[in-house]
Amino acid sequence: MKFSIEKHDLQANIHYLFNIVPSKNTMPILTNYLIEADEQNNMLKFTATDLEITVVAEFEANVSESGKVAVLAKNFNEIINTLPESIIHLMVEEDTLKIHCEHSKFSLLCADTSQFPLIPEKDLSNVIKLNASMFKKMIENTHFAVSTELNRPIFTGIFWRMTSSSQLMVATDGKKIAEFKLFNQVDLPEPVEQIIPTKGLLFIDKVITDKISEISVLIESNRVMFVYGNYTIFTHIIEGRYPDYTKAIPTNNNNVLLINTELMKEVIKRVSLLASEDTFKVKFEISEDSFAISSTKREEGEANEVIEDFKYTGEALEIAFNYRYLSAIFNVIESDEVEMRMGKSNEPVLFFNAEKEEEYLAKFLLMPLRLA
Amino acid sequence: MKKADKIRKIIHIDMDAFFAAVEIRDNPEYKGKPIIVGGLPNSRGVVSTCSYEARKFGIHSAMPSSKAYRLCPQAIFVKPHFEAYRLASQQIRKIFFEYTDLVEPMSMDEAYLDVTNNKMSNPSATKIAIEIKQKIFETTKLTASAGVSYNKFLAKIASDLDKPDGLVVIKPNDAEKILEKLPIGKFHGIGKVSEQKMQKIGIRNGADLKKWSLKDLVKHFGKMGEFYYYVVRGIDNRQVQTNWIRKSLGHERTFSEDISDLKKLTEFLKTSSLKISERMKKEKFKSRTLTLKIKYDNFDLITKSKTFSISFDEGNEIFNIACELLYQSVNGKNKIRLLGLSVSNLVWENDKNDNQLILSFYS
């Protein structure tokens, strides 16, 4: 195997790939990149996998000899990142990969490529084409609400449902829910729903740019393939039935607060400085003519901020939240004002962008903390 | 005066070589012979209980059965019959409740009773202890040792002073004298490690311990130092806890041979998870922490824990976490000898300590 490529090109194409490589694994081969060079098409193919998610990056290079090699991803990445902006020459000699760039020379020991897991074929014949920027928006509006705790695997993924007229992504960890509904036409023979691991979707979120507008998807029984630009992503599906989270969404929350999103973020940032480190609690005291947010850190002090610029209709209410969850929601609110719809102090609260879009609806729900 | 300072009447009942005694009762041919209940000699199990005849050979609980066999090859090794023990334990407990509702069972064969105000209106704790011992023997044909005193610590010490079939009363005036002479290893609550530490700094008996100031004991032994300081002076205000509160629940097994096969290990974790879950649901609690205990073939012992923000009690949840912890612990070099799972950080139904409200579909 022998090829050369501009450092900049190589770096740009494998930049996010390293996130897929497991740092420690019972299968040491997975800490490698599989690198394949194709002389006929002048193409390179880099593959990284943790068995659950596999990413293949394909891009052009000046290939003078085809071949296949597996090298430690960590070493390879660090070497490429530190090389000067110039042309890098790579070639395999016996069991080592030689990397030359200007006056630097490296040789990396290669692993046995036959141990690398079998990578599925990229099959574009039956793919569905989706709007990439909207797909990115769906991920960004939901991923923060997934659970990171492995005892309930289905909640570590994002629930994704597609019909011919709408797309839905939902994430929840039992304390908050993020739901994003997109109203658009998709050429789809029948509705599909799957729970997709967050890691794969976050990779897609990172690589989607304005440059390429479409992402292709192929949903199979036990995995999903995404093709975007140079990248092919195969992710496994989380098995299990996603619970009916809609039952938890209240319909008669009539205490409605309208407030500037940036202002809320600022206030929360300040008041949370003296929030308890166990509960992360900040308390809202709100009525039609006053609104204050406060916190107390035992033996350290307390914070209180009165907000004057707000609109509230409903009963006077005291309600407390974990400020980290609150901030996570405010961070995805894109309109200037956020709309909070509250019930009683122990009931779920709904959050919306105050200015609604025709094309989609983002809905967030947060369970409060107990007051006492 | 604090309520706890009022003179109390506490009885500690401890069945004599309980499991072994039940086996001898049910198999008269065992009488007078060294009986060892627990793992068989060719297994990797340990001695659970042994008869007094076996103790003469230096055999004690928790000793590997193979070692017990070397010490006493003529001993009769018996596998435990838990149903029989449980039945006897229930019979004994029923007797305790005839006298008082303030019963704190410590295990199947041991309990504290507060008989200060008892159902028989009998002012003599000693007489009650005699009656209980008699009734236990009449109902179960088993003997118990009883200790009577004014607190739990002394009652426990007393029951151990004249085993088997003993009855020892420690009166307030005698307490300090008895404790001064008591070897430090006999102090209940002083474990093997602390005992060694004490021997090292010249504490061999109660009198030695008494010379130490509260400050110095706390410096050496932490919170337990305070406990030692007071008990050696005959002071122990711990109440007889009728509603014993569970702090953890676990299940473990030493395998009949060392295992490296992940499939077999996960199979055990599956069974174990389901057992724990079933028990949790029965006792109506959930947990936030799961701990995996592993003993490797070289006897290295490790524990790995994971704590969650939302409590769990489902078998498959426990299993998922357990597998994750197991995968982090298999090193490819060592086989596994023992595997154990336990839950802690318990959350009871109706417990309002959990601040974060949870969505209904999740719990």
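Numbered from 1 within each chain, the chains take letters A, B, ... in sequence-line order.
- For A:D278, no part lies under 4.5 angstrom from a heavy atom of chain B.
- Annotation for A:Q115: atom CD counts as buried by contact number, over 12 foreign heavy atoms lying within 6.0 Å.
- Across all non-hydrogen atoms, the minimal contact from B:N320 to A:P153 is ND2-CD, 3.2 Å.
- Within the 4.5 Å cutoff, no side-chain heavy atoms of A:M367 are placed close to those of B:I358.
- Closest non-hydrogen pair, A:A248 versus B:L359, comes out as CB-CD2, 3.7 Å.
- Contacts with chain B were tallied for A:L366, A:D173, A:L365; A:D173 has the most, counting heavy-atom pairs under 4.5 Å.
- A donor-acceptor pair is defined here as one N or O able to donate and one able to accept, closer than 3.5 Å; such a pair exists between the side chain of A:E149 and the backbone of B:S309.
- Crowding of B:Q328 atom CD: a count of heavy atoms from other residues, nucleotides or ligands under 6.0 Å exceeding 12.
- No more than 12 heavy atoms of other residues, nucleotides or ligands lie within 6.0 Å of NZ in A:K181, so this atom counts as exposed by the packing criterion.
- Heavy-atom distances place both the backbone and the side chain of A:P368 under 4.5 Å from chain B.
- Distance alone, capped at 3.5 Å, places no donor-acceptor pair between the B:E324 side chain and the A:N151 backbone.
- More than 12 non-hydrogen atoms from other residues, nucleotides or ligands lie less than 6.0 angstrom from NZ of A:K297.
- A distance of 7.0 Å separates CD of B:E314 from CZ of A:R152, quoted to the nearest 0.5 Å.
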side-chain contact (heavy atoms from CB on, under 4.5 Å), that's the test. Do A:N322 and B:Q356 meet it? Break it down for me.
CA-CA 8 Å; A:N322 178 323; B:Q356 174 69 55; 4.0 Å; yes
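- Contact annotation for B:F308: both backbone and side-chain heavy atoms come within less than 4.5 Å of a heavy atom of chain A.
- Atom NZ of B:K197 sits in a crowded spot, with more than 12 heavy atoms from other residues, nucleotides or ligands closer than 6.0 Å.
- Heavy atoms of A:F321 lying under 4.5 Å from chain B are absent altogether.
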Assess the residue pair B:F361 and A:T246 against the criterion (side-chain contact (heavy atoms from CB on, under 4.5 Å)); give the C-alpha distance rounded to whole Å, side-chain angles, the decisive distance to 0.1 Å, and a yes or no.
CA-CA 9 Å; B:F361 64 82; A:T246 55; over 6 Å; no
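- More than 12 heavy-atom neighbours from other residues, nucleotides or ligands sit within 6.0 angstrom of CD on A:E318.
- Heavy-atom distances place the side chain of A:T172, and not its backbone, under 4.5 Å from chain B.
- Separation of atoms OG (A:S276) and CG (B:N355) is listed at 8.0 Å; rounding is to 0.5 Å.
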From CA spacing to verdict: side-chain contact (heavy atoms from CB on, under 4.5 Å), A:F155, B:Y362
CA-CA 9 Å; A:F155 293 107; B:Y362 195 95; 3.4 Å; yes
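- Heavy-atom contacts from other residues, nucleotides or ligands closer than 6.0 Å to NZ of B:K306 number 12 or fewer.
- A:K175 touches chain B through backbone and side chain together, each having a heavy atom under 4.5 Å away.
- Within 6.0 Å of NZ on B:K281 lie more than 12 heavy atoms contributed by other residues, nucleotides or ligands.
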